[in-house]
Each structure stands twice: as structure tokens, then as C-alpha cells.
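Single-structure report; data block below.
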Amino acid sequence: MRIAVDVDGVLLDLMIKYCEVFNERYQTNYKKSDVTRWDFFDAWEIDESKALEIFHRIYEKTSDVPFIDRDALNVMQELNKTNHIDIVSARTNKFKKHLKRKLRIHGIKKGTHYENLILVDDKPYDIKLGLDYDIYIDDSPHLAAAIREQNNSILFLYDQPWNREVNDGENIIRVKNWMIIHQKIKHLKLKNS
């Protein structure tokens, strides 16, 4: 199977760092649990360009961003032995070297854990579907909506506060950690054999 693994919200816990930077800049007290919408910045009363500026600042210093689940390393390595895993992220090429370095710092190696690092634009939100993977491991509620309509790919929706309103379905499966992802993919492979 061809599997696309997102970065932010799936491998890296970016919103923890985002809240720290935002709070410092705007003297607020937000936590990751307060990010209950994909476009949270509207509720936080800043425009999208200022919100993106903070993301870009964090991308440049990705080394400050914590890893989301240490089990991801073993699961990705195991899955990559019998599947084709690519890391697919909505970051521009400007931040590719920062991302590669962060992945290496966490022990995620090309050839062992994944085959390709693919960066796509952040909009349209369903742009990743054009890459035609069998399975997407992602946290985007917009990708969930697009996959629900497409119905020939499966999304393992990594549980985050900003995607809690998305309901599970036949091809949308909410997951809370990488061990569950591993179990679900093994189950899928058995079911399809």
C-alpha cells in the first residue's frame, strides 16, 4: 500500500510551540486544547497572514518542536518494510532543509522510515488527494471531508482538538496514537488479502 504521512499534528506537535510563540507575541494564554478549529486564528482575532507568519517562524526553528509519539519511529520503520511510505506535508520548499534536519534529529531516516519527502501547497486543502495514496495519516478536517467524498482512499485522522467535529466513517478512521495506526493498517492488510 502507498501511505502518506503528514508532519504537523501527526509527527510533530507543532501547536504546542505555536501557542507559546503566539502567547509571547500577543500576551495571551492559549493552549493547544484551545485550537478547536482549523482556522483558529479567526477566533483569536488575527488575520491569516499574521497566523502564517508565526507558522513560518516555527518552521525555521523546527528543532524547538516536540515529537508527537515516540512509537511513530518503530511503526513507520515496520510499515515501510512492506509498504511505500512518503512524508507529505503542506510546507513550502523554503522549509525543506529545516524539516529534513528535524526528522533526522528524531531518528526518522529516509529509506528506513520513509521513501520520499513531498512538500505541497497548503491550498487547496485537498491537494494531497491528487497524489493518489491508498492511506493518508493526517490531522486535517478538510482532507477528511475530501476523502469522505472520494471514497477510494482511507484517512487515519490523527485525533486533535481542531478535528474533533469530524465523524468517523467507512474511510475516515480516528486514531489517537501510532500503535493504533499500526494495528489498523495490519487489520486492513489482512482484510484485503
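Listed by chain and number, the residues in a side chain to side chain contact (heavy atoms under 4.5 Å, CB included) with N80 are I85, E115 (sequence neighbours excluded). D34 is linked by a side chain to side chain contact (heavy atoms under 4.5 Å, CB included) to Y30, K31, W44, counting only residues two or more places apart in sequence or in another chain. Scanning for salt bridge (charged side-chain N to carboxylate O under 4.0 Å, His left out) contacts around D8 gives R91, with sequence neighbours left out.
Side-chain heavy atoms closer than 4.5 Å link hydrophobic residues (I, L, V, M, F, W, Y) into clusters, and following such links, possibly through other members, connects L99 to V21. Tracing side-chain contacts under 4.5 Å through hydrophobic residues (I, L, V, M, F, W, Y), one never reaches V65 starting from I16; they form parts of separate clusters. There is no path of hydrophobic side-chain contacts, each under 4.5 Å, that joins L143 to I173. Hydrophobic cluster membership is shared by L79 and I68, with clusters built from Ile, Leu, Val, Met, Phe, Trp and Tyr side chains linked at under 4.5 angstrom. V10 and L14 end up in the same hydrophobic cluster when Ile, Leu, Val, Met, Phe, Trp and Tyr side chains are linked at under 4.5 Å.
In this structure, D132 CG and S153 OG are separated by 6.0 Å, a value rounded to the nearest 0.5 Å. Note that CG of L157 and CG of N171 are 11.5 Å apart. Values are rounded to the nearest 0.5 Å. With values rounded to the nearest 0.5 angstrom, I147 atom CD1 is found 5.0 Å from L129 atom CG. Here OH of Y26 is found 5.0 Å from CD1 of I54. Values are rounded to the nearest 0.5 Å. The line from OG1 of T92 to OH of Y59 is 8.5 Å long, rounded to the nearest 0.5 Å. To the nearest 0.5 angstrom, K110 atom NZ is 6.5 Å from K100 atom NZ.
Between F41 and L52 there is no side-chain heavy-atom pair separated by less than 4.5 Å. The closest side-chain heavy-atom distance from T82 to M1 is not below 4.5 Å. Using a 4.5 Å cut-off on side-chain heavy atoms (C-beta onward), D39 and W162 make no contact. Two residues are said to be in side-chain contact when any heavy atoms from C-beta on lie closer than 4.5 Å; F95 and I58 fail this criterion. Within the 4.5 Å cutoff, the side chain of W178 has heavy atoms near those of the V5 side chain. Looking at heavy atoms from C-beta onward, D126 lies out of side-chain contact with H142 at the 4.5 angstrom threshold. You'll find the side chain of L103 stays beyond 4.5 Å of the side chain of L12, heavy atoms only. Looking at I137 and D6, their side chains never come closer than 4.5 Å, going by heavy atoms from C-beta outward.
The closest donor-acceptor contact from the side chain of D86 to the backbone of V88 lies at 3.5 Å or more, if one exists at all. Using a distance-only test at 3.5 Å, with no hydrogens or angles considered, a donor-acceptor pair links the side chain of H113 to the main chain of K109. Without hydrogens or angle criteria, R174 side chain to V166 main chain gives a donor-acceptor distance under 3.5 Å. Between the side chain of E45 and the backbone N or O of D42 there is no donor-acceptor pair closer than 3.5 Å. Checking side-chain atoms of N163 against main-chain N and O of D139 turns up a donor-acceptor pair under 3.5 Å. Judged by distance alone, the side chain of N177 and the main-chain N or O of M179 form a donor-acceptor pair under 3.5 Å.
Scanning both residues, A144 and I172, for their nearest heavy atoms gives O-CD1, 3.3 Å.
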Quiz item: Does the side-chain contact (heavy atoms from CB on, under 4.5 Å) test come out yes or no for I118 and L131, once each step is laid out?
Solution: CA-CA 10 Å; I118 299 169; L131 301 174; 4.1 Å; yes
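Note on ring orientation: taking the six-membered ring where Trp is involved, the planes of Y133 and Y136 are perpendicular (angle over 60°, cut-offs 30° and 60°). In this pair, Y18 and F55 present their aromatic rings tilted. The plane angle is within the 30 to 60° band.
Residue K32 places its NZ atom among more than 12 non-hydrogen atoms of other residues, nucleotides or ligands, all under 6.0 Å distant. Counting non-hydrogen atoms of other residues, nucleotides and ligands closer than 6.0 Å to NZ of K96 gives a total above 12.
A salt bridge links K128 to D138: at least one charged side-chain nitrogen sits closer than 4.0 Å to a carboxylate oxygen. Contact check on K50 versus E53 returns no salt bridge, with no Lys/Arg side-chain nitrogen under 4.0 Å from an Asp/Glu carboxylate oxygen. Note on R2 versus D134: no salt bridge recorded, every NZ/NE/NH1/NH2 to OD/OE distance being 4.0 Å or above.
In this structure, a donor-acceptor pair under 3.5 Å is absent between the side chains of R148 and N167.
For H106 and F67, the gap between ring centers is short of 6.0 Å.
With I108 as the partner, the side chain to side chain contact (heavy atoms under 4.5 Å, CB included) test is satisfied by one option alone out of V7, L117, L73: L73.
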